[in-house]
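Being a predicted model, the structure only gives us computed values, none of them experimental.
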Amino acid sequence: MGSAFTLGIVSNNEEEAQHFLQKGVEEIQRLEKMLSEFLPDSVTSKINALAANEEFQLSDEYFFLIQRCQQLTQLCNGDFDISVSPLKNLYNFKNQQFEMPPKKNIRKTLDTVGFEKIVLNEKERTISFTQADMKISFAAIGKGYAADVV
C-alpha cells in the first residue's frame, strides 16, 4: 500500500502470535490487491477501466466501502472525494520537478471529478460513472481502512 505497517500482537504463546501476525499481513495484502489503483488486476483498476462504459459488479465489502466514502464526502462538503484521481494524476505529485499544469487542463480534468458522478446501484451492488475518464482512488482512506479491518 506504499506505506509501512507495524502490527503488534499481544499473546502468551509465540505460535499463536505468529499465526495472528501472518493473518494481519495476509489481510493487508488482500486489501491492497483490491484497492490499489496501481495494480492492473485490482478491483479499483478494473472499475477505473470499465465503469464509464458499463455497470461493474462489486462485492458487498467494496460496495459498502464506496458507499461510506460517499457519506464522508457529504459530511465534509466535498473536501474528501475518492473521484479526485484524475486531478491527482494531472499534478503528478511524485515528480521531482513539479510544474503547475495548464489551467485549461485543470478545468477539463475537473469535469471528471465529483462523487455525485459515481452511481451506486444498491440492489444490484454495481458501480458506474456518469462521466468518461473518471477514476477512483483509495489513497486517502485505504490505509486507514486496512488498519481498521486488521
Considering all heavy atoms of both residues, which atom of [X] and which atom of [Y] are nearest to each other, and what is their separation?
X: Met134; Y: Ser83; answer: CE-CB, 4.0 Å
X: Leu31; Y: Glu61; answer: CD2-OE2, 3.7 Å
X: Ala52; Y: Gln131; answer: CB-O, 3.7 Å
X: Pro86; Y: Asp133; answer: CG-O, 3.7 Å
X: Leu39; Y: Ser36; answer: N-OG, 3.2 Å

same_hphob_cluster([X], [Y]) at 4.5 Å side-chain heavy-atom cutoff:
X: Leu35; Y: Phe38; answer: no
X: Val113; Y: Val119; answer: no
X: Leu50; Y: Met34; answer: yes
X: Phe64; Y: Ile47; answer: yes

#### Entry: Gln70 side chain vs Ile118 backbone, donor-acceptor pair below 3.5 Å
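Checking the backbone N and O of Ile118 against the side chain of Gln70, a donor-acceptor pair under 3.5 Å is found.
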### Query
Can you name the one residue among Asn121, Thr126, Ile66 that meets side chain to side chain contact (heavy atoms under 4.5 Å, CB included) with Leu58?
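Checked Asn121, Thr126, Ile66 against Leu58; only one passes side chain to side chain contact (heavy atoms under 4.5 Å, CB included): Ile66.
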Please round to the nearest 0.5 Å and tell me the distance separating atom [atom1] of [X] and atom [atom2] of [Y].
X: Lys104; Y: Arg107; atom1: NZ; atom2: CZ; result: 10.0 Å
X: Glu37; Y: Lys135; atom1: CD; atom2: NZ; result: 9.5 Å
X: Glu55; Y: Ile127; atom1: CD; atom2: CD1; result: 10.5 Å
X: Asn105; Y: Leu110; atom1: CG; atom2: CG; result: 11.0 Å
X: Leu120; Y: Phe115; atom1: CG; atom2: CZ; result: 11.0 Å
X: Gln67; Y: Leu72; atom1: CD; atom2: CG; result: 11.5 Å

### Message
Show, in sequence, the C-alpha distance, side-chain angles and deciding distance for Leu7 and Phe20, and conclude whether the side-chain contact (heavy atoms from CB on, under 4.5 Å) test is met.
### Response
CA-CA 10 Å; Leu7 303 178; Phe20 286 115; over 6 Å; no
Side-chain H-bond candidate by donor/acceptor type, [X] with [Y], under 3.5 Å:
X: Asn13; Y: Ser11; result: no
X: Lys88; Y: Ser137; result: yes
X: Glu14; Y: Gln18; result: yes

### Message
I'd like to know whether Phe5 forms a side-chain contact (heavy atoms from CB on, under 4.5 Å) with Val150, so could you lay out the CA-CA distance, the side-chain angles of the two residues, the decisive distance to 0.1 Å, and finally the verdict.
### Response
CA-CA 11 Å; Phe5 280 82; Val150 171; over 6 Å; no
### Query
When you look at Val43 and Phe56, which way does the side-chain contact (heavy atoms from CB on, under 4.5 Å) test go after all the steps?
CA-CA 10 Å; Val43 175; Phe56 187 90; 4.1 Å; yes
### Query
Are Lys33 and Asp41 close enough for a salt bridge, meaning some N to O gap below 4.0 Å?
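Result for this pair is no, no salt bridge flagged.
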